[in-house]
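Below: the structure, in structure tokens.
First the proteins, then the strands, lettered A, B, ... as listed; each starts at 1. All figures in this text were calculated on a predicted structure; none of them were measured in a lab.
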Amino acid sequence: MSKSGLIEQRNIRLSKIEELRKLGINPYPAKSNRADYSNAIVNDYESYKGKKVVAAGRLMSLRKHGSVTFADIQDQTGKIQLAIGKKILKPFDAAISNLGYSELKFLDVGDFIETSGEVSKTKTGEISILSERITLLTKSLRPLPDKWGKLKDRELILRKRYLDATLNPENKKEFENIAKILFGIRSFLKEKGFLEFLTPVLQPQYGGGTAKPFITHLNSLNRDFYLSISHELYLKRLITAGFDKVFTIGRYFRNEGIDKSHHPEFSMIETMTAYENYEYNMDLIEDMFRYIAEQVYGKTEFKVKGHTIDFKQPWKRISMTDAVTEVTGINFDDCKSVEEANNHLKALKIEETCETIGLALAKAFEEKAEETLISPTLVFGHPIDISPLAKPMDSSPNKAERFEIFIAGMECGDNWSEQNDPVELLATWKANYKPEDREVGEFHPLDYDFIEVMEYGMPPTTGIGPGLERMAMIFNERENIDDVIFFPIMKSHLSKANKKIFGAQEDKADKSLDILITFDEFQEFVSNCLKDSAQDIIIKPYMRFWESKNIFKASGSAEIIGLFKNRSVKLSGYSSKAEKPFDKAEEVLKFKDYIQNLIVSFLQKNFNKTEINLSETFLP
RNA sequence: GGGCCGUUAGCUCAAUUGGCAGAGCAACUGACUCUUAAUCAGUAGGUUGAAGGUUCGAUUCCUUCACGGCCCA
């Protein structure tokens with residue numbers, strides 16, 4: 001007998017499966033004969049009245065009253081009630097997998113079932129199916145969380161979205177709408193004459209942006225590859241190949257922070273259009289948002305961060321310089337020198353010195369203007385310094401033919417007339433090539449293959465890249481990116497109950513034998529590497545040996561106390577396994593060595609300005 | 001990275017100053033021919049996220065860790 005409620009309930013359901021199998025019922029058949037959806041029946045009762053239907057879905061509630069039972073099943077479209085009368089329901093028949101009235105006891109809330117019967121209303125007026133047949137489609141082993149309360153634990157909602165979606169149809173609807181956004185974008189771009197391409201996620205050289213990439217290894221080529229941080233350079237190759245309007249709905253991977261509006265894995269709709277410049281895209285993006293608002297959501301007004309945004313209105317278009325001037329009164333275009341620009345930054349309480357006027361303008365915009373752009377705004381005329389892939393404007397060569405989309409203070413897409421002068425591009429890239437930026441994610445790799453493409457010649461081209469998640473956040477009126485990503489990234493977790501149920505091994509010590517190094521021994525052992533001034537630091541070593549399933553194991557750690565106020569530091573991780581008993585003396589030596597290295601690397605990491613010398617005597 | 005908060009039964013939540021770990025739903029047994037959060041009677045379900053500490057005694061206080069949330073940079 002299990003002590004856990006979950007395990008007990010699961011066992012009961014397993015035994016129901018056992019009994020059903022004995023009766024000749026397959027609890028997991030491959031196919032259903034479902035022909036009707038619940039909302040069609042409920043919304044159009046007059047046409048369905050008296051007709052036979054076959055519906056299927058998840059059993060969401062079961063109310064037994066002796067010889068009559070009421071049940072609710074939920075399918076993709078909604079819920080419908082089944083009225084199951086002892087006299088109407090046909091008797092048990094394994095040949096057609098029909099459950100009789102007394103076999104209803106094998107059903108649980110959460111099971112998937114199919115039913116056929118006449119549509120009618122009950123005495124209380126509820127539209128129902130008078131079930132003549134009931135077939136089990138899938139036996140569920142675990143109880144659904146509370147059947148009318150919704151899931152509240154945020155961690156559970158994010159980890160088990162399928163449960164949240166089952167219990168919370170409004171939330172499910174939001175994800176349905178995100179799927180429809182994708183259809184909307186595709187049909188919009190199709191109407192405009194675009195072709196969709198799939199571009200590589202695994203790339204030998206990453207490019208098209210500045211971000212920290214994920215690195216992976218491709219065994220068959222024995223090379224490290226990068227997960228795409230952008231798909232832009234591939235779309236440009238397609239333009240070079242002679243396709244005039246292309247797009248991809250791509251997956252983007254950036255090994256950077258996770259917060260309310262950033263996720264390491266996200267999606268963008270990236271387009272490239274030949275023979276046009278960035279002004280074409282200003283219209284395209286505006287039209288695309290309006291199209292989705294009208295086609296998918298059937299409205300143009302959305303509430304974002306407390307502001308009402310109307311996509312019907314023409315979007316504001318403003319240069320970056322003017323956007324900064326509007327907020328701060330400072331016009332960076334009037335700057336005669338970098339010093340002057342930096343003085344402006346100081347006046348704006350931005351504690352950063354920039355190398356060029358352009359960088360200072362960008363900084364001021366980012367710090368002061370961005371968050372004020374609530375209604376949809378297209379900001380153009382970025383400094384060329386921050387736009388290495390964009391063409392300079394004819395009228396002011398230090399500005400790029402580029403614009404960004406801001407909605408509710410969020411950047412929702414970046415767009416420009418693509419630089420297709422290979423000599424210029426190579427020069428810009430080389431000037432920006434700073435391998436030391438790789439760590440901070442502001443590194444432009446040199447992609448000679450791409451320069452070669454440009455040398456063959458790419459016609460004048462422009463591209464846009466609105467982020468799908470940000471779009472979804474706006475249209476679904478959500479402020480957290482996790483609310484628009486069905487499977488947000490999380491650390492894996494195996495619950496205690498699941499460890500038991502699945503028989504997953506728990507690496508647990510059976511018994512602890514002895515501690516082989518004494519406190520004094522260890523302090524003597526490390527005294528040579530700590531200065532007198534660190535006398536108050538106590539290092540407590542722990543080591544133990546034990547036996548588990550005929551494997552001998554050792555593990556050890558050292559705790560440093562007194563280094564920080566109210567905190568101790570634990571250096572851990574030593575472990576060792578063998579099939580026969582250890583030579584303990586040798587193991588202790590290994591442990592000492594390990595701990596010594598740990599301490600040295602710990603000190604190096606945390607006191608990197610201090611030189612750490614390992615004296616000979618420190619070694620055991 | 002910094003700060004604050006959370007983790008108790010399958011789910012949602014209690015537990016008074018540190019003093020017997022409880023309820024509703026779900027589950028199980030039984031009654032019931034129109035319910036819809038069905039009802040009624042009964043039963044069972046817990047290593048209070050993990051480890052350590054203080055204490056006669058810890059869900060409660062302290063430390064560390066794990067997982068998560070919110071805010072800030």
Between B:C11 and B:C32, how far is it from one P atom to the other, in whole Å?
-> 34 Å
Taking the same atom, C1', in B:G24 and in B:U8, what whole-Å distance lies between them?
-> 15 Å
Nearest-Å distance, NE2 (A:H262) to P (B:A73)?
-> 14 Å
Does any N or O donor sit under 3.5 Å from an N or O acceptor when you compare the side chain of A:K87 with the base of B:U33?
-> yes
Walking RNA chain B from its 5' end, the first of A:K491 and A:L151 to be reached, judged by nearest nucleotide, is A:L151
Find the partner of B:U47: check Watson-Crick (N1-N3 plus N6-O4 or O6-N4) and G-U wobble (N1-O2, O6-N3) distances, both under 3.5 Å, and reply none if neither fits.
-> none
Can you find a side chain N or O atom of A:R63 that sits less than 4.0 Å from OP1 or OP2 on B:U35?
-> no
C1' gap between B:A15 and B:C40, integer Å = 29 Å
Would A:S61 and A:R63 count as having a side-chain donor-acceptor pair, cut-off 3.5 Å?
-> yes
Rounded to whole angstrom, note down the C1' distance from B:U48 over to B:G6.
-> 14 Å
Report the nucleotide, chosen from B:G10, B:U35, B:C67, that has the shortest atom-to-atom distance to any side-chain atom of A:R159.
-> B:C67
Without swapping roles, check the side chain of A:E256 against the backbone of A:K212 for a donor-acceptor pair under 3.5 Å.
-> yes
Could you give the CD1-to-C1' distance, from A:I84 to B:C32, as a whole number of Å?
-> 16 Å
Ignoring hydrogens and angles, state whether a donor on the side chain of A:S128 or A:T122 is under 3.5 Å from an acceptor on the partner side chain.
-> no
Could you let me know what B:A37 is paired to, Watson-Crick or G-U wobble, both distances under 3.5 Å, or none if it's on its own?
-> none
Counting side-chain heavy atoms from C-beta on, which of B:C70, B:C34, B:G69 comes nearest to A:N480?
-> B:C70
Should A:D482 and A:H263 count as side-chain neighbours, where that means a heavy-atom distance under 4.5 Å?
-> yes
Between atom CG in A:D164 and atom P in B:U12, what is the gap in whole Å?
-> 11 Å
A:E8 CD to B:G46 C1': how many Å, rounded?
-> 13 Å
Which residue lies toward the 5' end of RNA chain B, A:V68 or A:E126, if each is placed at its nearest nucleotide?
-> A:V68
Counting distance only, does the side-chain N/O of A:Q74 pair as donor-acceptor with the main-chain N or O of A:T166 below 3.5 Å?
-> yes
Using atom C1' of each nucleotide, how far apart are B:A44 and B:A9 to the nearest Å?
-> 11 Å
Give A:H65 one of three labels, base, sugar-phosphate or nothing, depending on what nucleic acid heavy atoms sit under 4.0 Å from its own.
-> base
For A:K260, which contact category applies under a 4.0 Å heavy-atom criterion: base, sugar-phosphate, or nothing?
-> sugar-phosphate
Nearest-nucleotide pick for A:K496, side chain only, options being B:A50, B:U12, B:G68 = B:A50
Nearest of B:G69, B:U47, B:A27 to any side-chain atom of A:I12?
-> B:A27
Rounded to whole angstrom units, what separation is found between the CE atom of A:M60 and the P atom of B:U35?
-> 22 Å
CD of A:E155 versus P of B:U7: gap in Å, rounded?
-> 12 Å
Remember a base hit wins even if backbone is also touched, and classify A:R10 as base, sugar-phosphate or nothing at under 4.0 Å, heavy atoms.
-> nothing
Any strand, both distances under 3.5 Å, Watson-Crick or G-U wobble: B:G1 pairs with B:C72
Using the P atom in both, what is the distance from B:G10 to B:A26, to the nearest Å?
-> 16 Å
Counter-base of B:G10, judged by Watson-Crick or G-U geometry with both distances under 3.5 Å = B:C25
In whole angstrom, give me the gap between the P atoms of B:U7 and B:U59.
-> 14 Å
Applying the 3.5 Å cut-off to both distances, the Watson-Crick or G-U partner of B:A58 turns out to be none
Specify the closest pair of heavy atoms between A:C354 and A:L345, including all atoms of both residues, with the distance to one decimal.
-> SG-CD1, 3.7 Å
Under 3.5 Å donor-acceptor pair, A:Q81 side-chain atoms to B:U35 base atoms = yes
How many angstroms lie between atom NZ of A:K496 and atom NZ of A:K499, to the nearest 0.5 angstrom?
-> 9.0 Å
Nearest-angstrom distance from the residue atom NZ of A:K16 to P of B:U29 = 7 Å
Take atom C1' in B:A58 and the same atom in B:C20, then report the distance between them in whole Å.
-> 14 Å
With respect to the side chain of A:P143, which nucleotide from B:C13, B:G69, B:G10 is positioned closest?
-> B:G10
Remember a base hit wins even if backbone is also touched, and classify A:R154 as base, sugar-phosphate or nothing at under 4.0 Å, heavy atoms.
-> sugar-phosphate
How long is the span from the CD atom in A:E477 to the CG atom in A:D483, to the nearest 0.5 Å?
-> 12.5 Å
To the nearest Å, how far apart are A:D153 CG and B:C5 C1'?
-> 14 Å
Taking a pair to mean Watson-Crick or G-U wobble geometry with both distances below 3.5 Å, B:G18 pairs with none
